[in-house]
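Below is one structure, written out as structure tokens; the observations come after it.
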Amino acid sequence: MKKIIKDRHIIEDSWHTLDIAAEQWQSLSATRSIIVPCTLWQSDYMALLAYFQSGVGVALENITEPDTIPALDKIALLTIDFPLFNDGRGYSLARILREQFYYTGELRAVGDVLHDQLFYLARCGFNAFDLKPHVNIEHALLAFNSFSRVYQPASA
Amino acid sequence: MNPSLFNRMYIYSEIDQTIVDERVAQFREQMQRFLSGQLSPSEFLPLRLQNGLYVQRHAPMLRISVPYGMLSSQQVRMLAHIARHYDKDYGHISTRQNIQFNWIKMEEIPDVLADLASVQMHGIQTSGNCIRNVTSDPYAGVIADEIEDPRLYCEIIRQWATFHPEFAYLPRKFKIAVNASTGSDRVAVQVHDIGVDLVKNAAGEIGFRVLAGGGLGRTPVIGAVMREFVPKIDLLSYLEAILRVYNRYGRRDNKYKARIKILVKALGAEVFAEKVEAEWQKIKEGPLQLTTEKIEAINHRFTYPKYLTLNDHTAELEQLSKQSPGFAHWLQHNTYAHKQAGYIIVNLSLKKIGVAPGDIDSAQLLAVADLADEYSLGEIRTTHQQNIVLADVEQTRVYELWQKLKELGLATATINTLADIICCPGGDFCALANAKSIPIAEAIQRQFDDLDYLYDLGDIELNISGCMNACGHHHVGNIGILGVDKKGQEFYQISVGGASGKNAAIGEILGPSFEQNQVPNIVQKIIDVYVEKRIAGESFLETYQRIGIESFKERVYEKNH
Ligand code: SF4
């Protein structure tokens, strides 16, 4: 199983990204923890919630408008994709979800996620990080302690 | 007693110092990972940029932050040390009041940053796609026509912007300037990503008029007013709302279309302002809201100048001027009225012919630090015009100061004249340049080296950039010169009519570009047109505004010149 960082610990990731055609989701085992694209959630969220027993994760792009995501409080995991580590849109989206939509579930950064962005990502409300394969995950844990003091309020 | 305790400087709190020290440690570790191959060059790029480290034509360039242009004599001595110890003995003052060193070895940068941290300095966010150093008026706090000292608000913005977790990867760089003078604008508020003007509303409350979407570069734009009045307590939430809208919707597919000005233009200033307003309403009462106590707490960290009770010495200065025409010229051009009786503001010119505009060597830096201690409460300011200001000089000692400045080559009496050229490092140093800019500045200064003639021409701003990035602000120069590449050859495009003050304007391009050796002559022709057409008392800009560009065009392109 893949290792990720969650709440500043290295854990094995139990979630799976939907890897079949979206409309065939009902062919999957109902006990799996599945992350579905936001478009599928938007159209079928009630059926998805009824079907999967251990909750549903939703994958967002960094341009997703948060007010188009239904039943945010029913979502167990949100991922925000970083197509490139220096595309900063995901930072704003995370803060809006946390501070304006009061999303409290797992918020995971995926994609081009690197050591040196973790401190800022965490401050913007991400609590889980699926790092790029070449990043040394043990060493990356140190990044959360880069600064002991901060100037401005943020999500965390 | 240490005179620096009596000037107006922001003194680091334990939090400020901790953050800067931790930044040094962080960058040392990042540099190690880069050198050992764990970080790819593209991954390392934004990390080094956000510490001010560029890779230039010959060597890395380190840009050191000078928050709103304020330096203590102790800090200037450290800059002298850095110039001497790590560089080729000189530094360069940029148009955004920072100081750049061009010859520092990559491996030594962490040591330089550690030295800087020991005097409350750093290179944080002086480069990269983040919120850059906040600039302000070099006459802040010492002029009469000021709503309030802008540096307090600059510092509040500096703290908010430093390591802002949400805005470290913006679509493009982001520059903020703050002005508080009612009569002038020495910070070019209208050509910044955000321009902040201190204002007083009808009820007599002080707040901010906020502009956004100004900028130079490839597409020069004058900023649009977002809000006529933002109360003091809402300053940061309002700025955060602008940055958030920009961060989310600014273009990222094309670096030339990624500045906020392009977004503001694409949406229209009104629609953009509405989006900002909507975002602001959501966050305005949140934790970013300032209180009088929070503002006061930061204000409290500034030291205050202790002025003596003095009288103005106008008659004595006139007397000295009569005896020494050199002093008279310098006094008239290089000094400015202080709000406090008996004091005067002094400009140190970094525009001596033969020295690149804005360059200063370590001996001069040390001497300036000593002069600041002796004559100006231990405080030094850098200016957008790439000069230095000693803001608190006693009038009775200004003659003596002038004599010392002359020996140091810092008394060139050409402030605000055609010879006070703003000039980027250009092709001699900058890897992005299309053409050299420093030799052009020098050739023009040599062409116009007659002081009486220069004074007769009055205030003329001539700005030179070595490429479209416009670091030399050529668009807003009364005369603007831009280096362009024509089939591998260095050429220069010339514009006239730009302005950077309260009524900022983008200059109009005359036409086809010129070869390097033609430039001084072309400038001469432009000036000739002005001298012929001006009516009594008219400045270059006023004449241009009255007569338009045609006469200038005709003259510079006329056959058989
Ligand atoms: S204007 Fe161009 S050449 Fe001049 S410093 Fe800026 S990037 Fe370099």
Side-chain angles (χ1 to χ4, degrees), chain A residues 61-67 80 82-102 109 111-126 131-132 134-140 142-156, chain B residues 13-23 25-27 29-30 33-34 37-40 42-47 49-50 128-130 156-172 236-237 240 243-250 252-253 279 282-283 286-289:
Chain A
E61 290 181 76
N62 64 12
I63 52 169
T64 307
E65 286 295 338
D67 56 7
I80 296 178
F82 286 79
L84 284 171
F85 76 90
N86 58 6
D87 181 338
R89 285 176 280 199
Y91 293 85
S92 288
L93 179 56
R95 284 195 68 186
I96 292 169
L97 286 165
R98 289 293 196 207
E99 294 170 44
Q100 294 176 18
F101 288 80
Y102 309 107
D112 199 11
V113 180
L114 308 171
H115 177 122
D116 295 289
Q117 283 69 45
L118 296 184
F119 185 82
Y120 287 160
L121 289 169
R123 290 210 66 215
C124 287
F126 289 97
L131 293 157
K132 266 295 212 26
H134 73 276
V135 178
N136 178 334
I137 191 167
E138 274 87 24
H139 189 59
L142 297 175
F144 296 105
N145 303 323
S146 303
F147 295 95
S148 58
R149 312 296 291 264
V150 295
Y151 280 121
Q152 57 296 94
S155 296
Chain B
S13 68
E14 177 264 328
I15 299 178
D16 299 307
Q17 191 63 51
T18 304
I19 286 176
V20 168
D21 290 342
E22 288 174 344
R23 176 60 148 197
Q26 182 195 41
F27 189 61
E29 193 269 343
Q30 288 169 338
R33 268 187 289 133
F34 170 66
Q38 292 175 60
L39 267 179
S40 73
S42 67
E43 290 168 358
F44 185 55
L45 178 79
L47 308 179
L49 288 179
Q50 300 207 8
N129 295 335
C130 53
I156 290 172
I157 295 171
R158 181 193 78 82
Q159 296 190 9
W160 161 79
T162 300
F163 304 147
H164 196 300
E166 185 180 343
F167 304 133
Y169 298 98
L170 295 169
R172 200 79 176 83
L236 295 183
S237 59
E240 183 138 311
L243 264 298
R244 183 169 288 159
V245 171
Y246 170 55
N247 191 40
R248 296 187 70 203
Y249 303 109
R252 290 172 186 268
D253 58 328
E279 182 61 32
K282 291 181 202 154
I283 61 174
L288 263 187
Q289 190 170 51

Where on A:Asn62 is there a heavy atom nearer than 4.5 Å to chain B: the side chain, the backbone, both, or neither? neither

Pair A:Asp116, B:Gln30: side-chain N/O donor-acceptor within cut-off below 3.5 Å: yes

Quick one: what part of B:Leu47 sits under 4.5 Å from any heavy atom of chain A, side chain, backbone, both or neither? side chain

Working to the nearest 0.5 angstrom, can you tell me the gap between B:Glu166 CD and A:Ser92 OG? 3.5 Å

Taking CD in A:Glu61 as the centre, count heavy atoms belonging to other residues, nucleotides or ligands within less than 6.0 Å. Is the count above 12? no

In terms of heavy-atom proximity below 4.5 Å to chain A, should B:Arg248 be classed as side chain, backbone, both, or neither? both

Can you give me the closest heavy-atom contact between B:Ser42 and A:Phe85, atom names plus distance? O-CZ, 3.4 Å

Atom pair CG (B:Asn247) and CZ (A:Arg95), whose distance is rounded to the nearest 0.5 Å: 11.0 Å

Which portion of B:Leu243 sits near chain A, non-hydrogen atoms under 4.5 angstrom: neither

So which part of B:Arg33 gets closer than 4.5 Å to some heavy atom of chain A, the side chain, the backbone, both or neither? side chain

Against chain A, label B:Asn129 side chain, backbone, both or neither, depending on which of its atoms sit under 4.5 Å from a heavy atom there. neither

Looking only at non-hydrogen atoms, find the nearest pair between B:Pro165 and A:Tyr91 and report the distance. O-CD2, 3.3 Å

Of all of A:Leu84, A:Leu93, A:Ile96, which one pairs up most often with chain B through heavy atoms under 4.5 Å apart? A:Ile96

Look only at the side chain of A:Gln152 and the backbone of B:Thr162, and say whether a donor-acceptor pair between them is shorter than 3.5 Å. yes

When rounded to the nearest 0.5 angstrom, what distance separates CZ in A:Arg89 from OH in B:Tyr169? 15.5 Å

At a heavy-atom separation under 4.5 Å, does B:Gln26 approach chain A through its side chain, its backbone, both, or neither? side chain

Taking it one step at a time, do B:Glu29 and A:Leu142 satisfy side chain to side chain contact (heavy atoms under 4.5 Å, CB included)? CA-CA 11 Å; B:Glu29 193 269 343; A:Leu142 297 175; 5.9 Å; no

Can you tell me which portion of B:Leu39 sits under 4.5 Å from chain A's heavy atoms? Options are side chain, backbone, both or neither. side chain

Once you measure the plane-to-plane angle for B:Phe163 and A:Phe147, does it fall in the parallel (<30°), tilted (30-60°) or perpendicular (>60°) bin? tilted

Taking every non-hydrogen atom, the tightest pair across A:Leu114 and B:Glu43: CD1-CG, 3.6 Å

Do you know which two heavy atoms are closest between B:Glu22 and A:Ser146, and how far apart they sit? CB-O, 3.6 Å

To check you understand the geometry: which heavy-atom pair defines the closest contact between A:Gly88 and B:Arg252, and what is its length? N-NH1, 3.1 Å

Side chain / backbone / both / neither for A:Leu121 at chain B, heavy atoms under 4.5 Å: neither

Between CG of A:Asn86 and CG of B:Leu170, what distance do you get to the nearest 0.5 Å? 11.0 Å

Is there a side-chain contact between B:Arg158 and A:Tyr151 in this structure, where contact means two heavy atoms from C-beta onward sitting under 4.5 Å apart? yes

Check ion pair B:Glu14-A:Arg149 (N to O, under 4.0 angstrom): yes

Turns out that what part of B:Pro287 lies under 4.5 Å from chain A's heavy atoms comes down to both

Proximal component of A:Val150, with respect to chain B [non-hydrogen, under 4.5 Å]: backbone

With a 4.5 angstrom heavy-atom cut-off, could you sort out which part of B:Glu279 is near chain A: side chain, backbone, both or neither? side chain

